[in-house]
Amino acid sequence: MTFSWKSSWPTLCCIFSLLCASGDSAGPDQFQLQPLNSTVLKGSVVRFNATVQGNWQVMTWMVGGLLVLTVPVSDNITSSSQRFTAGFCSGGDKSCVEFTMRNASRGDAGPVVCTVQGEYGSKVSQLYVQESGSVSITAGNLKVKQDEQVEFQCVTASWFPSPTVSWALNGQLVDSSLYNTTSMADGDSFNSTSVLKFQAVRNTTVECRATVETLTNPQSSSVFLVVVPKPPDWTVLIAMVVSIGGFALLVLLIIGIIFCYKRRKEKQPNYQDEMRRVRTQSQLSAVTAAGRGQVNAGYVKDGQTSVAPSELTDSGFSQANGSSFFEMPDVVNSNQAGNVFRISDTVDESGVKKHRHATIV
């Protein structure tokens with residue numbers, strides 16, 4: 001059997017081309033970098049794994065555009081800083097290299113490039129570094145009256161990116177409609193202000209929380225709200241007391257008017273009472289006039305029977321000249337009624353003392 005190179009040359013060229021094409025395309029697919037995106041908190045540790053299938057000689061790592069680590073497959077690893085280290089994965093498998101970055105900083109953010117010399121080329125992973133700042137409630141502890149409107153202000157500073165701010169009352173998250181948050185860039189970081197308003201009902205622990213994606217637990221600041229119970233509202237009670245008191249006074253006034261009217265009506269004199277009063281006053285006047293004292297014209301001595309008319313005095317009585325005897329005039333025509341006249345004592349011939357009275361009615 002005779003082999004002819006001329007007839008088989010095209011076939012060999014085709015096979016060789018296929019082999020070359022398959023070899024060129026297989027190289028990059030056998031080189032992988034994980035993770036392709038990594039977000040960490042400033043100061044934390046970051047790890048990347050590079051897996052290479054096949055034979056390779058040298059691997060390099062670049063962070064922030066700078067070469068930080070060189071990994072030869074069969075020699076000592078060269079590092080530009082103690083923050084960056086590398087080593088083979090478990091079991092000494094040289095097909096897997098773990099790259100470690102410690103104390104990650106904002107300057108490390110950006111592309112992390114792993115390059116395997118030869119036909120493998122480079123793989124790129126994006127690194128994001130976040131930073132947590134400070135949180136504080138500016139008002140401090142407050143003491144207010146019950147049902148009073150209170151306002152708390154929370155300030156965050158030096159965060160990257162802008163933090164998510166939330167509020168909690170006694171450990172319970174507050175609805176976002178009750179507070180307002182604004183953020184402002186300050187150089188390469190962000191500051192924010194959040195204002196919470198609510199009505200004070202009871203003693204409350206007020207907490208402001210700020211967080212970013214990489215924080216396991218949010219940073220917080222808390223204050224204590226002391227609520228003083230408001231004094232009781234006496235308005236309703238006072239109104240009731242005034243109403244009842246006014247009604248009672250009105251009733252008493254009406255009763256007093258009725259009582260006074262009855263008393264006045266009872267004291268109003270009728271005709272009989274008026275006549276009786278006039279008669280009584282006349283009698284009292286007569287007695288008063290009689291009590292003033294007058295000359296007893298009825299006094300005469302025993303044995304004297306008359307008196308001369310010329311001897312009458314102005315009072316209607318007369319006394320004999322040179323005698324101590326008196327004679328009482330006719331009492332029928334006298335206008336002095338009800339008078340009682342006392343006559344002096346006399347002694348008769350037998351020596352018996354006589355006492356005489358004369359009463360005119």
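All values below come from the heavy atoms of this structure, side chains included, with hydrogens, waters and symmetry mates left out.
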Distance-minimising heavy-atom pair for [X] and [Y]:
X	Y	answer
S194	Y179	OG-CD1, 3.7 Å
R102	Q82	NH1-O, 4.5 Å
S158	N191	N-OD1, 3.0 Å
A86	I77	O-CD1, 3.1 Å
P229	Q146	CA-OE1, 3.6 Å
P161	Q130	CD-CG, 3.7 Å

Could you state whether [X] and [Y] fall into the same hydrophobic cluster, counting links through intermediate Ile, Leu, Val, Met, Phe, Trp or Tyr residues with side-chain heavy atoms under 4.5 angstrom apart?
X	Y	value
I255	F247	yes
V226	L169	no
F84	L67	no
M59	M101	yes
V135	V165	no

Contact between [X] and [Y] at the side-chain level, heavy atoms closer than 4.5 Å - yes or no?
X	Y	result
L178	L196	yes
K197	V150	no
F152	W167	yes
E131	R106	yes
Q30	Y120	yes
R83	S105	yes
R209	L173	yes
V201	V227	no

Nearest 0.5 Å, please: how far is [atom2] in [Y] from [atom1] in [X]?
X	Y	atom1	atom2	value
F160	K42	CZ	NZ	11.5 Å
N49	C89	CG	SG	5.0 Å
L127	S38	CG	OG	5.5 Å
C154	I137	SG	CD1	5.5 Å
N203	F224	CG	CZ	4.5 Å
C96	E98	SG	CD	7.5 Å

Ring centroid separation F99 to W61 under 6.0 Å: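 Judged by ring-centre distance (under 6.0 Å), F99 and W61 do meet the cut-off.
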CD (E151) with more than 12 external heavy atoms under 6.0 Å: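 Count over threshold, so yes.
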Over 12 non-hydrogen atoms of neighbours within 6.0 angstrom of CG in D175: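 Atom CG in D175 is crowded, with more than 12 foreign heavy atoms closer than 6.0 Å.
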Side chain of [X], backbone of [Y]: donor and acceptor closer than 3.5 Å?
X	Y	value
S243	V241	no
S125	P35	yes
T204	V206	no
S44	V40	no
N180	V195	no

Any side-chain donor near an acceptor of the partner, [X] and [Y], under 3.5 Å:
X	Y	value
T78	T70	no
S189	D186	no
T51	Q32	no
S183	S192	no

Stepwise side chain to side chain contact (heavy atoms under 4.5 Å, CB included) test for L66 and M62: CA-CA 5 Å; L66 299 176; M62 296 181 66; 6.0 Å; no
Step-by-step side chain to side chain contact (heavy atoms under 4.5 Å, CB included) determination, W159 to T211: CA-CA 9 Å; W159 288 75; T211 187; 5.5 Å; no
Identified side chain to side chain contact (heavy atoms under 4.5 Å, CB included) partner of T39 from the options V212, T214, V46, V129: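 The side chain to side chain contact (heavy atoms under 4.5 Å, CB included) with T39 is passed solely by T214 among V212, T214, V46, V129.
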From CA spacing to verdict: side chain to side chain contact (heavy atoms under 4.5 Å, CB included), T115, F31: CA-CA 9 Å; T115 302; F31 174 33; over 6 Å; no
Verdict with reasoning, T60 to V71, per side chain to side chain contact (heavy atoms under 4.5 Å, CB included): CA-CA 6 Å; T60 59; V71 183; over 6 Å; no
